[in-house]
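Taking it in order: structure first as structure tokens, then the write-up.
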Amino acid sequence: MSSEIPVKQIDPSSDPSDNNNKPGSVELYASRKKIYVKEVKGFFQRIRNVSLLLLMGMYFLFVWITQDGQPLILFDLPAREFHLFGITFYPKDFILLSGMLIISAFGLFFITTLFGRVWCGYTCPQTVWTFIFMWVEERIEGSRNKRMKLDQAPGSGSKLFKKSTKHTVWMLIALATGLTFVGYFYPIRELIADIFTLQANGWAYFWVAFFTAATYLNAGWMREQVCLYMCPYARFQSVMFDPDTRVVSYDPNRGEPRGGRKKGVDPAEAGLGDCIDCGQCVQVCPTGIDIRDGLQYECIGCALCIDACDEIMDKMDYPRGLIRYTTENELEGKPSKLLRPRTFGYGAALLLMIGAIAFTIATRVPGQMDALRDRGALYSFNGQGRIENSYTLKIANMTEVPQTFVLSVQGLEDIQILTQTSITVQSGENRSLPTVVDVPPEAISQSNNEIFFRAQSETDETLLLETESRFVGPTR
Ligand code: SF4
Ligand code: SF4
């Protein structure tokens, strides 16, 4: 018997609990069969509960936290400012934000190569919100069997009460999610006040309604359908797998031939493997598949089937791990390596990107200065016989506080600014300042000369802006 992890296409519409899913072609969209997920407790469910609480806590709290009067996280689109953990980014920093997204992508690839779809199973927002909605459902409608009976039962007051209570709680969670999401783009305190006093603009209502509806539908109704039909990651993640990727797998060497038996019966004497064919691993699966059919793209790596099977193994006094995190090589009895060329590749790219972005952020100057030459006249002579050039200086303050800059110019002997030599720029402001510079004729030996404008903050000596420009004079 081959012990490799076979990848099979399983028709998700077929009844997973009858264990008769067979390889075959898959329709682009199969009619849906409602999945009643059985609640299970266990080691991996506890890990998910912790990650779920942490992620939800961060999501709902970060939007309220301010630091030195600035929001901890705010994507202020009208002001074109992105506040992230005490640093304000501007459109010119777009490359940094792109770099952070690339780091996230490489991080995902790196983890997927090592441990399969742990992102999907423990941290993906679709999984997190679906598990919260399922938890609410279980509290209100009861266990899997009770929910199935309730759905089949004729309409009654009790059924109406349970269903309406469940949907009301789901809607409230969805509304809190929608408001919080929009709160990352529209200061949350103003948003809440404006929404409930009907003062918000139309877009705010639209986006809150949109994200509320999306959360309610995705986590309450569509659930596994989002993973099966809408998520692109589910489709291409298998290319990151190799025989050493640790994924949730059933061990057919140990489990087969499967079959029911009484507790205490020696499987070897009964000619059976350790799988008692109880179907618990299928009943707890949120995507409704049977892990015993091999690795399938529908598997989100949530490990609920491990918890369910370990519970059965404990009851049968068999060793745990009939379903476990393992690799194709381990199942074939071959040595399995954690670090391999693919992980080194993704890991090296990840470290390189993190290093480059960290260096760029650490050395980033929170301001910018540009000097635009006046195109009207190349140069002129003033009353003192000196040569004048005109510029427009543009100074941006990207710090969190107003800054007064002292302006200077260098590059030619006795060069000086004739106009205003100090300017105050508010936080996030970009100011233009017409500026005239002159030099004595003997200071230039050629018609086109390199000069530098500097803007030194009066209060922050590390904040020095500099830009290069040209000073034009007569040909000598
Ligand atoms: S839970 Fe374990 S014993 Fe039960 S059917 Fe699944 S693999 Fe077999
Ligand atoms: S097969 Fe197991 S790990 Fe995969 S989605 Fe189903 S319960 Fe989760």
Side-chain angles (χ1 to χ4, degrees), residues 66-71 74 76 78-84 86-94 96 360-474:
T66 54
Q67 187 182 345
D68 299 329
Q70 293 286 352
L74 179 69
D76 190 345
R80 299 185 176 192
E81 293 174 1
F82 307 107
H83 303 275
L84 277 181
I87 304 177
T88 302
F89 296 95
Y90 294 86
K92 90 172 182 76
D93 298 314
F94 183 74
L96 284 176
T360 312
I361 291 178
T363 57
R364 171 181 175 270
V365 178
Q368 190 174 354
M369 176 157 74
D370 291 307
L372 308 177
R373 273 187 52 79
D374 180 358
R375 296 188 184 276
L378 282 179
Y379 63 89
S380 61
F381 285 91
N382 60 24
Q384 284 76 45
R386 293 167 66 102
I387 306 167
E388 278 185 11
N389 276 203
S390 300
Y391 305 83
T392 299
L393 297 184
K394 288 182 173 290
I395 300 174
N397 172 13
M398 299 174 184
T399 67
E400 308 293 332
V401 291
Q403 297 283 350
T404 298
F405 292 99
V406 176
L407 305 173
S408 62
V409 61
Q410 291 169 357
L412 291 171
E413 201 177 331
D414 199 18
I415 189 167
Q416 61 183 4
I417 294 177
L418 297 179
T419 44
Q420 181 179 333
T421 53
S422 113
I423 183 172
T424 300
V425 188
Q426 299 302 317
S427 168
E429 193 185 23
N430 193 349
R431 284 195 64 186
S432 296
L433 181 68
T435 300
V436 179
V437 168
D438 78 356
V439 297
E442 58 275 16
I444 59 172
S445 56
Q446 55 193 16
S447 64
N448 196 328
N449 303 275
E450 186 179 59
I451 59 169
F452 298 92
F453 286 99
R454 291 203 169 125
Q456 171 68 60
S457 164
E458 270 185 353
T459 50
D460 180 356
E461 65 181 27
T462 63
L463 182 54
L464 171 66
L465 310 180
E466 191 173 56
T467 188
E468 184 252 337
S469 189
R470 313 302 299 180
F471 188 93
V472 178

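Residue numbers start at 1 and run along the sequence shown. Just so you know, these numbers use all the heavy atoms, side chains as well, and skip hydrogens, waters and symmetry mates.
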Inset, instruction - Quick one: do Asp414 and Arg386 satisfy side chain to side chain contact (heavy atoms under 4.5 Å, CB included)? Show the steps, please. - result: CA-CA 10 Å; Asp414 199 18; Arg386 293 167 66 102; 3.0 Å; yes

Legend entry - Nearest heavy atoms of Ala443 and Glu413, plus distance in Å: CB-O, 3.3 Å

Inset, instruction - First locate atom OG1 of Thr419, then atom OH of Tyr391, and finally report the distance between them rounded to the nearest 0.5 Å. - result: 11.0 Å

Inset, instruction - Evaluate the side-chain proximity of Arg373 to Ser469: yes if any heavy-atom separation is below 4.5 Å, no if none is. - result: yes

Legend entry - side chain to side chain contact (heavy atoms under 4.5 Å, CB included) evaluation trace for Thr435 with Ile417: CA-CA 7 Å; Thr435 300; Ile417 294 177; 3.8 Å; yes

Legend entry - Inter-residue atom distance Asn449.CG - Ile444.CD1, 0.5 Å rounding: 5.5 Å

Legend entry - Flag, side chain of Arg431 to backbone of Thr424, donor-acceptor distance under 3.5 Å: yes

Legend entry - Check: Asp438 main-chain N/O paired with Gln416 side-chain donor or acceptor under 3.5 Å: no

Inset, instruction - Would you check, one step at a time, whether the test side chain to side chain contact (heavy atoms under 4.5 Å, CB included) holds for Val401 with Ser427? - result: CA-CA 5 Å; Val401 291; Ser427 168; 5.7 Å; no

Legend entry - Interatomic distance, Gln410 atom CD to Ile451 atom CD1 [nearest 0.5 angstrom]: 10.5 Å

Legend entry - Distance in Å, Gln426 CD paired with Thr399 OG1, rounded so as to fall on 0.5 Å steps: 10.0 Å

Legend entry - From OG1 (Thr66) to NE2 (His83), nearest 0.5 Å: 12.0 Å

Inset, instruction - Supply the atom-to-atom distance Leu378 CG to Ile387 CD1, rounded to the nearest 0.5 angstrom. - result: 12.0 Å

Legend entry - Sole residue of Val437, Leu418, Asp374, Val439 in side chain to side chain contact (heavy atoms under 4.5 Å, CB included) with Glu388: Leu418

Legend entry - Side-chain heavy-atom pair Glu450, Arg470 within 4.5 angstrom cut-off: yes

Legend entry - Smallest separation among heavy atoms of Ser457 and Phe405, with atom names: N-CD2, 3.7 Å

Inset, instruction - State whether a side-chain donor-acceptor pair under 3.5 Å links Glu81 with Thr88. - result: no

Legend entry - Within 6.0 Å of CZ in Phe381, more than 12 heavy atoms from elsewhere: yes

Legend entry - Nearest atoms (heavy-atom pairs only) where Lys394 meets Ser432: NZ-OG, 3.1 Å

Legend entry - Nearest non-hydrogen partners of Met369 and Glu466, listed with the distance: CE-CA, 4.1 Å

Legend entry - Where Tyr379 and Val472 come nearest, the two heavy atoms and their spacing: CB-O, 3.2 Å

Legend entry - Distance-minimising heavy-atom pair for Leu412 and Ile415: O-CG2, 3.1 Å

Legend entry - Result of checking Asn397, Leu407, Asp370, Val365 against Leu465 for side chain to side chain contact (heavy atoms under 4.5 Å, CB included): Val365

Legend entry - Non-hydrogen side-chain atoms of Arg364 and Ile87 separated by less than 4.5 Å: yes

